[in-house]
Amino acid sequence: MNSSILLDVKGLKKYFPIQKGFWKRKVGEVRAVDNVSFYIREGETLGLVGESGSGKTTTGRAILRAIEPTEGEVLFNIDGKLINMPQLNRKELKQMRKHMQMIFQDPYSSLNPRMTVRDIIGEPLLVNGIARGKELEDRVAELMKAVGLRPEYMIRYPHAFSGGQRQRIGIARALALNPKLIVCDEPVSALDVSIQAQTLNLLQDLQEQFHLTYLFISHDLGVVEHISDRVAVMYTGRLVELAETEELFKNPKHPYTEALLAAVPKPDPKYREDEKHLSGEVADPSNPPSGCYFHPRCPYAKDICKQEYPPLVNVGNSDNEHYVSCHFADKLSLAGVE
C-alpha cells in the first residue's frame with residue numbers, strides 16, 4: 001500500500017438480515033453496502049455522495065466499526081503499520097478509536113442534554129485516561145477556541161446554544177484525541193445555509209491546522225464540490241463513479257452522476273434548461289434488479305445492462321484516475337457542470 005494512503009477500504013460489505021415469524025427465521029437480507037472499495041490519502045477529503053438510502057452513512061459507520069461489517073478489509077495506516085479494523089478485538093479497537101472519530105449529522109440529538117460542554121468535549125480525554133482536572137479544563141478551553149467558541153461557555157448545557165454552535169461543540173469533541181481520520185456524516189445538512197458556509201470553512205481551517213483527513217458524507221453536491229479533493233458516488237450500496245472533484249463535475253462518466261449534477265440548483269434566476277430528471281424509484285437493496293442496479297432508471301440502458309453488472313474500472317490514467325461502473329462509459333457523452 002502507498003505510504004501516502006491513510007485508509008484503504010477493500011470489498012466492504014454490510015448486509016442486514018430480514019427476519020420473519022416467532023423464530024426470527026431469515027428470509028432475506030438488505031445489502032446496504034455491497035462490495036465497496038476506495039482509498040483516502042493522508043490530508044485529503046473524499047466526498048461520498050448519493051441519494052438517501054444509497055448506503056453512505058452505513059459505509060462510514062462500518063469503517064469505524066460503529067456497526068460490524070459483514071465482510072471486507074478496512075486497512076488503516078498507523079506510522080507505516082497496516083491495521084485491519086474488522087479483525088481487532090475490543091481492547092485493540094479501543095486503542096484505535098483515538099485515531100478515528102465521527103462528526104454526526106444532527107447537532108441536537110448527538111449531544112447529551114444532561115452534560116455540560118466541558119463534560120461533552122472532555123469525555124474522550126477522560127475515558128482514554130489522557131487528562132483530568134485542571135489539565136482537562138485547559139484542553140477543553142483550547143479546543144473551544146479552535147472551533148470559535150468562548151471557553152467561559154464550557155459550564156453551559158447544550159440547550160443554551162444554537163444549531164451551528166452545537167455542531168462546533170461536536171467538532172471540538174471529535175478533535176479531542178488528535179485523530180488522523182474524521183468521518184463527517186452530513187455535518188451541515190441540519191444547518192442554515194449561511195451557517196453551513198461558516199462550518200465548512202471551519203472544517204477546512206481545522207484540516208490544515210491539525211493535518212486531518214476527512215471522509216465527507218453528503219447528499220448535497222454543492223457542498224461536496226466546495227470541500228472535497230475527490231468524489232465517490234454511491235447507488236444502492238455500490239460505488240458507481242470515483243474521480244477528482246473537478247474531473248467528475250466537468251466530465252461525468254455515469255448516467256446517475258449526470259442526473260445528480262443536473263439536479264444541483266443553478267445560482268441564476270434566469271437560468272432555464274431541460275434538466276435530466278430521474279424517473280422511477282431507487283432500487284430496493286433487499287431485492288435489487290438484475291444486471292446494473294441503475295438500468296430501470298437509465299435513459300441509455302441496453303440489453304447488456306439488464307443482464308450483467310458492470311465492474312468498476314479506471315477509464316482515466318495513472319495521473320488522473322477516474323473509476324466508473326458502466327458498460328458504455330467510453331461511448332457516452334454526458335453533461336457536466338461548468
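Since the model is a prediction, treat every value here as computed from it, not as a measurement.
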(message) Are L46 and S228 packed together at the side-chain level, in the sense that at least one heavy-atom pair is separated by less than 4.5 angstrom?
(response) no

(request) Just jot down the side chain to side chain contact (heavy atoms under 4.5 Å, CB included) partners of N287, sequence neighbours excluded, or say none. (result) D284

(request) Sorted by first residue and then second, give each ring-ring contact (aromatic ring centres under 6.0 Å, His included) pair with at least one member in residues 205-239; sequence neighbours left out. (result) Y235-Y256, Y235-F294

(request) Name all pairs fulfilling the salt bridge (Lys or Arg N to Asp or Glu O under 4.0 Å) condition that reach into residues 66-90, sequence neighbours left out, sorted by first residue then second. (result) K13-E71, R65-E68

(request) Mind checking the CG-NZ spacing from D303 to K306? Nearest 0.5 Å is all I need. (result) 5.5 Å

(request) Please name the pair of heavy atoms, one in P158 and one in L111, separated by the smallest distance, quoted to 0.1 Å. (result) CG-CB, 4.1 Å

(message) Could you check whether any side-chain heavy atom of I217 comes within less than 4.5 Å of a side-chain heavy atom of C184, counting everything from C-beta outward?
(response) no

(message) Minimum heavy-atom separation for Q167 and P187, please, with both atom names.
(response) NE2-O, 2.7 Å

(request) Kindly determine whether Q95 and E92 satisfy side-chain contact (heavy atoms from CB on, under 4.5 Å), including the steps that lead there. (result) CA-CA 5 Å; Q95 292 298 316; E92 293 168 333; 5.7 Å; no

(request) Please say which of L75, N84, V74 ends up in a side-chain contact (heavy atoms from CB on, under 4.5 Å) with K10. (result) L75

(request) Using side-chain contact (heavy atoms from CB on, under 4.5 Å) as the criterion, point out the one residue from L212, N77, L6, L7 that pairs with K180. (result) L6

(request) Decide side-chain contact (heavy atoms from CB on, under 4.5 Å) for L200 and V223; before the verdict, give the C-alpha distance in whole Å, the side-chain angles of both, and the deciding distance to 0.1 Å. (result) CA-CA 8 Å; L200 289 173; V223 168; 3.7 Å; yes

(request) Spell out, yes or no, whether Y153 and Y157 are grouped together once hydrophobic residues are joined by side-chain heavy atoms under 4.5 Å, including indirect joins. (result) no

(message) For the backbone of G316 and the side chain of N320, can you confirm whether one donor and one acceptor N or O come within less than 3.5 Å of each other?
(response) no

(request) Hydrophobic side-chain clustering at under 4.5 Å (ILVMFWY, transitive links): who's grouped with W23? Put none if nobody. (result) F22

(message) Are there over 12 heavy-atom neighbours, none belonging to Q209, within less than 6.0 Å of that residue's CD?
(response) yes

(message) Applying salt bridge (charged side-chain N to carboxylate O under 4.0 Å, His left out), can you list everything that pairs with K24, at least two apart in sequence or on another chain?
(response) none

(request) Sort and list the pairs that fulfil salt bridge (Lys or Arg N to Asp or Glu O under 4.0 Å) and have at least one residue in residues 227-248, not counting sequence neighbours. (result) D34-R238, E44-R230, E246-K250

(message) Please give me the minimum heavy-atom distance between A301 and C305, naming the atom from each residue.
(response) CA-SG, 4.0 Å

(request) Assess whether side-chain contact (heavy atoms from CB on, under 4.5 Å) is satisfied between I103 and I182, documenting all intermediate values. (result) CA-CA 7 Å; I103 300 171; I182 296 183; 3.7 Å; yes

(message) Test: ring-ring contact (aromatic ring centres under 6.0 Å, His included). Region: residues 301-331. Which pairs qualify, not counting sequence neighbours?
(response) Y293-Y309

(request) Can you measure from CD1 (I63) to CE (M100) and round to the nearest 0.5 angstrom? (result) 8.0 Å

(request) Please assess L312 against S325 for the test side-chain contact (heavy atoms from CB on, under 4.5 Å), listing each intermediate value before the final yes or no. (result) CA-CA 4 Å; L312 190 70; S325 174; 3.9 Å; yes

(message) Enumerate the salt bridge (Lys or Arg N to Asp or Glu O under 4.0 Å) contacts for residues 94-119, please, sequence neighbours excluded, ordered by first and then second residue.
(response) R118-E137

(request) Could you identify which residues cluster with V30, counting Ile, Leu, Val, Met, Phe, Trp and Tyr as linked when any side-chain heavy atoms lie under 4.5 Å apart, either directly or through a chain of such contacts? (result) F16, I18, V27, I67

(message) Between L93 and V127, is there shared hydrophobic-cluster membership here, with clusters defined by ILVMFWY side-chain heavy atoms closer than 4.5 Å?
(response) no

(request) Identify, with sequence neighbours excluded, every residue that meets salt bridge (charged side-chain N to carboxylate O under 4.0 Å, His left out) alongside K302. (result) none

(request) Indicate yes or no: at least one non-hydrogen side-chain atom of L239 is less than 4.5 angstrom from one of N35. (result) no

(message) Looking at every heavy atom in both S286 and P288, which two are closest together, and how far apart are they?
(response) C-CD, 3.7 Å

(message) Quick test of your reading: applying salt bridge (Lys or Arg N to Asp or Glu O under 4.0 Å), list the pairs with at least one residue in residues 150-164, sequence neighbours left out, ordered by first then second residue.
(response) R150-E152

(request) Determine, for E29 against K26, whether the closest basic-nitrogen to carboxylate-oxygen distance falls under 4.0 angstrom. (result) yes

(request) Taking the side chain as every heavy atom from C-beta outward, state whether E123 and I120 have any atom pair closer than 4.5 Å. (result) no

(request) Taking all heavy atoms of P255 and all of L334, pick out the closest pair and write down the distance. (result) N-CD1, 3.7 Å

(message) Test of understanding: clusters of I, L, V, M, F, W, Y form through side-chain heavy atoms closer than 4.5 Å, transitively. Do Y108 and I169 belong to the same one?
(response) no

(request) Would you mind reporting whether I227 and Q204 have side-chain heavy atoms less than 4.5 Å apart? (result) yes

(request) Report yes or no: do Y15 and V33 belong to one cluster of Ile/Leu/Val/Met/Phe/Trp/Tyr joined by side chain heavy-atom distances under 4.5 Å? (result) no

(request) Go through the steps to decide whether S290 and Q307 satisfy the test side chain to side chain donor-acceptor pair (under 3.5 Å), and finish with yes or no. (result) CA-CA 6 Å; S290 61; Q307 299 163 5; over 6 Å; no

(request) Search all heavy atoms of L64 against all heavy atoms of M102 and return the closest pair with its distance. (result) CD1-CB, 3.7 Å

(message) Would a single hydrophobic cluster contain both M115 and I155, if residues Ile, Leu, Val, Met, Phe, Trp and Tyr are joined by side-chain heavy-atom contacts under 4.5 Å?
(response) yes

(request) Under 4.5 Å between side-chain heavy atoms, chaining through other members, with only Ile, Leu, Val, Met, Phe, Trp and Tyr counted: pull out the rest of the cluster around V324, sorted by chain and number. (result) V313, V315

(message) Against the six-membered ring of F161, is R166 placed for a cation-pi contact (under 6.0 Å from the centre, within 45° of the normal)?
(response) no

(message) Measuring only between side-chain heavy atoms, which start at C-beta, is K56 closer than 4.5 Å to E186?
(response) yes

(request) Taking the side chain as every heavy atom from C-beta outward, state whether R168 and L202 have any atom pair closer than 4.5 Å. (result) yes

